[in-house]
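So you know, we letter chains A, B, ... as the sequences are listed, proteins then strands, and number each from 1. Everything numeric here is computed off the predicted structure, so don't read it as measured data.
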Number of protein chains: 2
Amino acid sequence: MARLKSRVTSFDVAKLAGVSQPAVSRAFTPGASITKEKRDRILAAAKELNYVPNVFASSLSSKRSNMVAVISGNLNNPFYSETLQVFVESIQRTHRQVLAFSVQDGRDSDDVMMQAMRYPIDGLVVTSAQMSSELVKLSEGLGIPVVMFNRRVVGSELSGVQCDNFEGSAVLGRLMAAAGARRILIVRGDPQGSTSIDRVQGFRSAVDGVAGVEIEEVDGESSYSGARNAMIRRFNGPGPRFPDAIFAVNDIMAIGCADALNENFGLKIPDDIMLAGFDGIREGQRAPYSLTTVRQPVERMVAETLELLKAAPEDLKGAEAQRRVIPGDLIPGHTVPGMGRWAR
Amino acid sequence: MARLKSRVTSFDVAKLAGVSQPAVSRAFTPGASITKEKRDRILAAAKELNYVPNVFASSLSSKRSNMVAVISGNLNNPFYSETLQVFVESIQRTHRQVLAFSVQDGRDSDDVMMQAMRYPIDGLVVTSAQMSSELVKLSEGLGIPVVMFNRRVVGSELSGVQCDNFEGSAVLGRLMAAAGARRILIVRGDPQGSTSIDRVQGFRSAVDGVAGVEIEEVDGESSYSGARNAMIRRFNGPGPRFPDAIFAVNDIMAIGCADALNENFGLKIPDDIMLAGFDGIREGQRAPYSLTTVRQPVERMVAETLELLKAAPEDLKGAEAQRRVIPGDLIPGHTVPGMGRWAR
DNA sequence: CGTTGACTTGAATACGCATTCACATCTTTC
DNA sequence: GAAAGATGTGAATGCGTATTCAAGTCAACG
């Protein structure tokens with residue numbers, strides 16, 4: 001806990017420039033009422049003294065803080081690190097700053113969020129994590145707008161933005177069924193997470209009625225190694241019977257499956273077994289995989305999230321929460337056969 | 001620019017609990033001098049009113065801010081997003097917060113850093129970006145410790161942590177030469193960046209003396225698509241003569257090269273052409289690539305960076321800057337032949 | 001029983017800046 | 001040329017907390 005050196009203050013600058021302290025404040029405020037000559041003199045003095053306004057002090061008195069907190073879920077999943085990148089760049093573009101937190105999958109996120117709320121932030125984005133009702137109450141009490149990103153919101157207090165996981169997965173289900181999939185393995189992620197749940201249900205809804213379809217589920221732990229190991233565990237030993245098709249509820253697990261099937265069992269995709277994922281991460285789109293998947297339109301989702309954050313704090317209480325469900329984009333890829341007609 | 005709602009203050013809590021305001025402050029300060037009974041009463045009142053201490057006000061008066069700013073370079077390179085993740089998790093573990101910035105490759109980073117310095121931060125980590133001498137002076141004036149991550153520091157004012165890029169690349173050069181590489185293509189990154197420069201030099205130093213070696217360099221723009229396109233541009237057209245070996249100065253470019261060579265030219269790695277990268281990103285280690293590379297020990301580098309940040313501000317001026325150069329770890333991979341003996 | 005010392009406590013103040021408000025200066029307008 | 005407006009300026013004050021500091025409480029000790 002470093003003790004901060006006492007900084008040069010606006011008074012010091014004022015003295016050097018021969019003006020009052022408020023003048024210094026105005027010199028640094030665009031559009032403030034001050035003569036150009038005086039502003040220049042002040043800025044010169046400021047440069048000489050290495051003065052920059054202290055954001056903490058300034059937002060204390062102005063009741064304005066251009067900070068947005070972003071709490072990220074499992075950053076080992078490239079989808080979330082790509083998303084964090086988009087958040088950082090988007091927020092920065094609007095001249096605000098990002099206070100970044102990460103919360104391990106399954107770990108208690110309450111204390112991390114509590115930390116975030118001690119800042120007078122303009123808003124809080126929560127990516128794939130739960131939020132206790134205590135915290136919801138706290139955020140309301142503090143007047144901090146909260147938007148859940150990529151997680152279906154339970155209850156009715158919170159706003160949220162998510163991809164249409166159910167329908168996107170249903171599309172994949174129909175495609176796979178049409179391509180002849182009958183023995184299907186679903187690799188699910190966090191059993192508690194709405195994302196995995198919705199995707200599994202959406203997929204099942206599309207294939208359940210198809211004659212001859214059998215479905216099995218395994219846990220891929222939402223990660224590359226989790227899915228890879230699940231494959232190895234499941235198909236090891238003498239003469240396992242492989243499914244026709246695998247649907248992994250996210251791309252990073254699909255990639256884990258692909259690598260295991262190729263490396264450990266010598267299977268070719270999609271000839272021996274077809275595969276689909278969900279998210280549209282960069283890695284899945286590269287040549288060795290060319291994964292058939294549904295892309296979450298991250299840029300748009302982030303933009304809508306920041307839009308919802310603008311909800312004025314005073315509107316928070318009464319106004320009902322906003323939900324935005326955004327359709328995903330099917331990416332044909334090469335891991336489900338017969339997708340040529342989808343290519344542009 | 002949302003106007004912050006006026007929050008519940010420590011005075012409100014004090015009144016409800018029937019104590020003075022300083023008592024509330026003490027109740028929230030671990031180890032402060034206050035009876036357990038009174039602290040409990042205060043915490044109960046705080047919970048009832050949804051009170052949490054305001055970090056801005058608190059650090060204004062305590063001259064202590066548990067914030068570290070991290071300015072990330074090109075986040076499209078997985079190495080930097082993996083690094084950012086490690087920073088976030090490490091810093092959070094020490095109960096501090098991360099103020100995250102990103103600066104596009106080549107863009108002016110000065111204004112972003114200026115933004116960061118308006119916060120009373122405990123330290124500033126700059127990942128792969130330049131820092132003007134003006135800013136160095138400013139950071140000294142403000143007493144903010146700065147550590148450059150993964151960039152050789154020019155001049156003598158700044159501390160820095162980096163991998164031994166020269167020697168790591170030299171190791172790769174020796175390996176490739178020993179494996180028979182003679183016609184070698186180097187895919188470089190940012191021509192201004194010390195990282196690319198050092199790696200190119202290190203590699204050349206190892207192969208320059210070898211008889212019959214010819215070296216060509218192309219620009220891969222530090223990115224997947226940059227390297228991929230460079231390959232396509234370079235080898236397109238009738239009867240190009242392919243090199244024996246390609247050294248890309250980072251993994252993401254090596255992956256771009258691998259995909260282009262496979263997809264566009266039907267070349268097999270390492271049979272037709274050998275390949276090496278640098279960084280050790282997750283993606284390069286996966287089965288389809290199994291890239292021969294040098295891994296930057298990110299965890300250790302981050303730990304050392306945070307260590308250097310502890311330099312007390314008052315020591316900043318006089319004390320000479322610290323430099324830590326950390327050796328990389330060779331990862332044998334499968335993209336340079338004859339590496340079996342390196343496997344553990 | 002009077003003291004010393006270890007803890008608690010609250011009044012007052014500092015932290016660095018933005019904002020209000022009343023006043024001074026400078027432009028317009030008829 | 002005087003009145004009305006527009007603009008620039010600084011003294012004073014507020015933002016919400018941590019930190020003095022002097023006064024208060026209590027137990028143990030001789």
Please confirm whether the shortest side-chain N or O distance from [X] to OP1 or OP2 of [N] is below 4.0 Å.
| X | N | value |
| --- | --- | --- |
| B:Ser10 | D:dT17 | yes |
| B:Thr35 | C:dT9 | yes |
| A:Lys63 | C:dT19 | no |
| B:Lys38 | C:dT8 | no |
| B:Lys36 | C:dT8 | no |

Given atom [atom1] of [X] and atom [atom2] of [N], what is their separation to the nearest angstrom?
| X | N | atom1 | atom2 | answer |
| --- | --- | --- | --- | --- |
| B:Arg39 | C:dC7 | CZ | P | 15 Å |
| B:Leu60 | C:dC17 | CG | P | 9 Å |
| B:Glu37 | C:dT9 | CD | C1' | 14 Å |
| A:Asp40 | D:dG8 | CG | P | 14 Å |
| A:Arg118 | D:dG16 | CZ | C1' | 13 Å |
| A:Arg64 | C:dA18 | CZ | P | 10 Å |
| B:Phe11 | D:dG14 | CZ | C1' | 12 Å |

Worksheet item: Shortest non-hydrogen contact from B:Phe79 to B:Gln296?
Response: CZ-NE2, 3.2 Å
Listing, residues 12-33 of chain B side-chain donor-acceptor contacts under 3.5 Å, not counting sequence neighbours, or none:
| from | atom 1 | to | atom 2 | distance (Å) |
| --- | --- | --- | --- | --- |
| B:Asp12 | OD2 | B:Thr9 | N | 2.9 |
| B:Thr29 | OG1 | B:Ser25 | O | 2.8 |

Worksheet item: Tell me, what's DNA chain C's dot-bracket, Watson-Crick or G-U with both distances under 3.5 Å, | for other-strand, [ ] crossing?
Response: ||||||||||||||||||||||||||||||
Response to the item:
Tested for side chain to side chain contact (heavy atoms under 4.5 Å, CB included) against A:Ser102, the lone hit among A:Val112, A:Leu75, A:Leu84, A:Asn76 is A:Leu75
Worksheet item: Quick one: which of A:Val86, A:Val125, A:Thr127 gives a side chain to side chain contact (heavy atoms under 4.5 Å, CB included) with A:Thr305?
Response: A:Val125
Fill in: Sub-4.0 Å heavy-atom contacts from residues 12-29 of chain B onto DNA chain C, ordered by number
B:Ser20, B:Pro22, B:Ala23, B:Arg26
Discussion item. Short of 4.0 Å, heavy atom to strand atom, which residues of residues 44-57 of chain B count as contacting DNA chain C?
Written reply: none
As an exercise, state the distance from [atom1] of [X] to [atom2] of [Y], rounded to the nearest 0.5 Å.
| X | Y | atom1 | atom2 | answer |
| --- | --- | --- | --- | --- |
| B:Leu138 | B:Met117 | CG | CE | 4.5 Å |
| A:Ser65 | A:Gln97 | OG | CD | 9.0 Å |
| A:Ser139 | A:Leu158 | OG | CG | 6.5 Å |
| A:Glu82 | A:Glu299 | CD | CD | 9.0 Å |

Worksheet, complete the sentence: Out of D:dG8, C:dC17, D:dT17, minimum distance to the side chain of B:Thr9 belongs to D:dT17
Worksheet item: Touch check for A:Ser58, heavy atoms < 4.0 angstrom, all strands: base, sugar-phosphate only, or nothing?
Response: sugar-phosphate
Worksheet, complete the sentence: For residues 40-59 of chain A, the salt bridge (charged side-chain N to carboxylate O under 4.0 Å, His left out) pairs (sequence neighbours left out) are A:Lys36-A:Asp40
Item to complete: Please confirm whether any donor atom in the side chain of B:Ser61 sits under 3.5 Å from an acceptor in the base of D:dT17, or the reverse.
Response: yes
Discussion item. Checking side-chain polar atoms at under 3.5 Å, does B:Glu140 have a donor or acceptor matched by the opposite partner on A:Asn50?
Written reply: no
Worksheet item: Among side-chain atoms of B:Asp110 and B:Ser132, is any donor-acceptor pair under 3.5 angstrom?
Response: yes
Just distance, no hydrogens or angles: give the donor-acceptor pairs under 3.5 Å from side chains in residues 145-153 of chain B, sequence neighbours left out.
| from | atom 1 | to | atom 2 | distance (Å) |
| --- | --- | --- | --- | --- |
| B:Asn150 | ND2 | B:Tyr80 | OH | 2.9 |
| B:Arg151 | NH2 | B:Ser128 | OG | 3.3 |
| B:Arg152 | NE | B:Asp198 | OD1 | 3.3 |
| B:Arg152 | NE | B:Asp198 | OD2 | 3.0 |
| B:Arg152 | NH2 | B:Asp198 | OD1 | 2.7 |

